[in-house]
Peer 1: 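Can you keep this structure in mind? I'll have questions shortly.
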There are 2 protein chains.
Amino acid sequence: MDLDDVDRHLLELLQSDARLTFSELGRRVSLSAPAVTERVRRLEHRGVITGYSARIDPEKLGRPIQAIVRVRVRSLDGPRFRETILPLPEITDADHVTGDECWQLRVHCRTTAELEQFVERAQRYGETTTSLVFSSPVRGRGLPL
Amino acid sequence: MDLDDVDRHLLELLQSDARLTFSELGRRVSLSAPAVTERVRRLEHRGVITGYSARIDPEKLGRPIQAIVRVRVRSLDGPRFRETILPLPEITDADHVTGDECWQLRVHCRTTAELEQFVERAQRYGETTTSLVFSSPVRGRGLPL
DNA sequence: TATGAAAATTACATGTC
DNA sequence: GACATGTAATTTTCATA
């Protein structure tokens, strides 16, 4: 995926502040704004950059309970699990992984009662293991460039 | 954290595209650009918005191996684990959780050999369980508003 | 590099307590 | 009247052909 040093620099800058203007990016990488715009467009187009998002504190949105729920989904239940569980809005991340606890979900709930209810629903598709998150010292840290 | 409907609307818009201009946000929520700017600044200042970041495809950066590594860190080793493992650049997320597998790490490696090396380093602090990520049907989905 | 658009800043209006 | 929150007008900066 031949990225040159300037591309990598731009990715690094956008990873830490996605709202930097093209002009500002240009200053930081010593290029004109149009040149930067073109590079960023290309990075988007090639799928290197897949989007830009605001990070929001779940607590401030009234969802202080964060948990990681692992589910040993029985193989026949896979499709139904995907259809009914993955769209639930309290899920922010869902990974399909190796091992027999084959799904791993990050959920953000308003209360422990809501978490209990979520786990009960997930349990219809297999055994679950739930860990409450105390803290996340690293969250969405940028990849090295 | 009293957020009104406009705040929620702005958060939703910025969650799905953090590069929208204030003018564009203003159009979408039927408010003037300065009014929107003021609201967004307040949301940032109150810590509701904690930042803006570009999402980048790890594969396109030459890191196709993604894994979730759980570590049963022995309590005395906690501080050293934080100091030496958490800063490793292949980690994008680290959660401290309940249960005896008390740390959960998401790592992105260039090769399985690199993952092996990572796991060996982590193992100095306790037993590990590693799951390779096949796919992540939900990644960083916005919270409901 | 030139243009039209957007951002920052200032001044002023409105509504609520 | 004081405060929060909005609009309007102006200048500077930015996006883009």
Side-chain angles (χ1 to χ4, degrees), chain A residues 1-64 89 108 110 139-143 145, chain B residues 1-58 60-61 139-145:
Chain A
M1 243 307 144
D2 42 85
L3 303 171
D4 66 13
D5 290 351
V6 175
D7 288 328
R8 270 185 277 271
H9 195 172
L10 289 173
L11 290 173
E12 192 170 354
L13 292 167
L14 286 171
Q15 223 170 34
S16 66
D17 183 0
R19 283 183 70 79
L20 288 169
T21 63
F22 291 122
S23 302
E24 183 57 30
L25 290 169
R27 259 171 244 126
R28 309 251 184 122
V29 304
S30 310
L31 236 53
S32 69
V36 164
T37 307
E38 185 50 30
R39 275 174 181 268
V40 172
R41 294 284 172 257
R42 254 202 321 270
L43 289 168
E44 290 168 357
H45 208 251
R46 286 195 285 172
V48 180
I49 296 174
T50 60
Y52 304 93
S53 53
R55 284 189 297 270
I56 296 180
D57 183 342
E59 291 202 29
K60 299 269 164 57
L61 252 47
R63 295 180 176 270
H108 297 265
R110 281 180 269 257
R139 223 30 244 294
R141 183 163 66 195
L143 288 165
L145 294 149
Chain B
M1 244 305 147
D2 43 84
L3 303 171
D4 66 13
D5 291 351
V6 175
D7 289 327
R8 270 184 277 271
H9 195 172
L10 289 172
L11 290 172
E12 194 170 353
L13 292 166
L14 286 170
Q15 223 170 35
S16 65
D17 183 0
R19 285 183 70 78
L20 287 170
T21 63
F22 292 122
S23 303
E24 183 57 31
L25 289 170
R27 260 171 242 128
R28 309 250 186 123
V29 304
S30 309
L31 234 55
S32 68
V36 164
T37 306
E38 185 51 31
R39 275 174 181 268
V40 173
R41 294 281 170 259
R42 261 202 317 271
L43 289 168
E44 291 168 355
H45 206 251
R46 286 195 285 172
V48 181
I49 295 174
T50 60
Y52 305 94
S53 52
R55 284 189 298 270
I56 296 179
D57 182 342
K60 298 270 166 55
L61 251 48
R139 223 30 244 294
R141 182 163 65 194
L143 289 166
L145 294 151

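So that the names make sense, note that chain A is the first sequence line, chain B the second, and so on, each numbered from 1.
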Peer 1: Respond yes when some side-chain nitrogen or oxygen of B:Arg42 is under 4.0 Å from OP1 or OP2 of D:dA4, and no when none is.
Peer 2: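 Looking at the OP1 and OP2 atoms of D:dA4, neither is under 4.0 Å from any side-chain N or O of B:Arg42.
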
Peer 1: State plainly whether the residues B:Arg42 and B:Glu38 are in salt-bridge range, i.e. N to O under 4.0 Å.
Peer 2: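 Yes, B:Arg42 and B:Glu38 are salt-bridged.
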
Peer 1: Does B:Arg41 make a cation-pi contact with B:Phe22 (under 6.0 Å, within 45 degrees of the axis)?
Peer 2: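 Relative to the ring axis of B:Phe22, which defines the angle, B:Arg41 lies outside at least one limit.
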
Peer 1: Return the value, rounded to whole Å, for the distance between atom CG of B:Leu20 and atom P of C:dA7.
Peer 2: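 Those two atoms, CG and P, are 10 Å apart.
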
Peer 1: How many whole angstroms separate atom CG of A:Leu25 from atom C1' of D:dC14?
Peer 2: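 The distance from CG of A:Leu25 to C1' of D:dC14 comes to 12 Å, rounded to the nearest Å.
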
Peer 1: Please tabulate, one pair per line, each protein N/O and nucleotide N/O from nucleotides 8-13 of chain C that are separated by under 3.5 Å, including the distance.
Peer 2:
none

Peer 1: Could you give the distance from CG (A:Leu3) to CG (A:Leu145), rounded to the nearest 0.5 Å?
Peer 2: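 If I round to the nearest 0.5 Å, the distance is 8.5 Å.
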
Peer 1: What is the distance, to the nearest angstrom, from the CZ atom on A:Arg19 to the C1' atom on C:dA7?
Peer 2: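 Answer to the nearest Å: 11 Å.
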
Peer 1: Rounded to the nearest 0.5 Å, what separation is found between the NE2 atom of B:His9 and the CZ atom of B:Arg39?
Peer 2: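 So the NE2 of B:His9 and the CZ of B:Arg39 are separated by 12.0 Å.
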
Peer 1: When you measure from the side chain of A:Thr21, which nucleotide among D:dT5, D:dC14, D:dT7 comes out closest?
Peer 2: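 Minimum distance to the A:Thr21 side chain belongs to D:dC14.
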
Peer 1: Provide, to the nearest angstrom, the distance between the CD atom belonging to B:Glu38 and the P atom belonging to D:dT7.
Peer 2: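 Rounding to the nearest Å, CD of B:Glu38 and P of D:dT7 are 12 Å apart.
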
Peer 1: Do the side chains of B:Leu43 and B:Leu14 get nearer than 4.5 Å, heavy atoms only?
Peer 2: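 A side-chain contact is absent here, since even the closest heavy-atom pair is not under 4.5 Å.
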
Peer 1: Could you check whether B:Glu24 pairs with B:Arg28 (Lys NZ or Arg NE/NH1/NH2 to Asp/Glu carboxylate O, under 4.0 Å)?
Peer 2: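 Salt bridge present between B:Glu24 and B:Arg28.
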
Peer 1: So, is B:Arg27 near the phosphate of C:dA6, with a side-chain N or O under 4.0 Å from OP1 or OP2?
Peer 2: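 Yes, because at least one side-chain N or O of B:Arg27 sits under 4.0 Å from OP1 or OP2 of C:dA6.
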
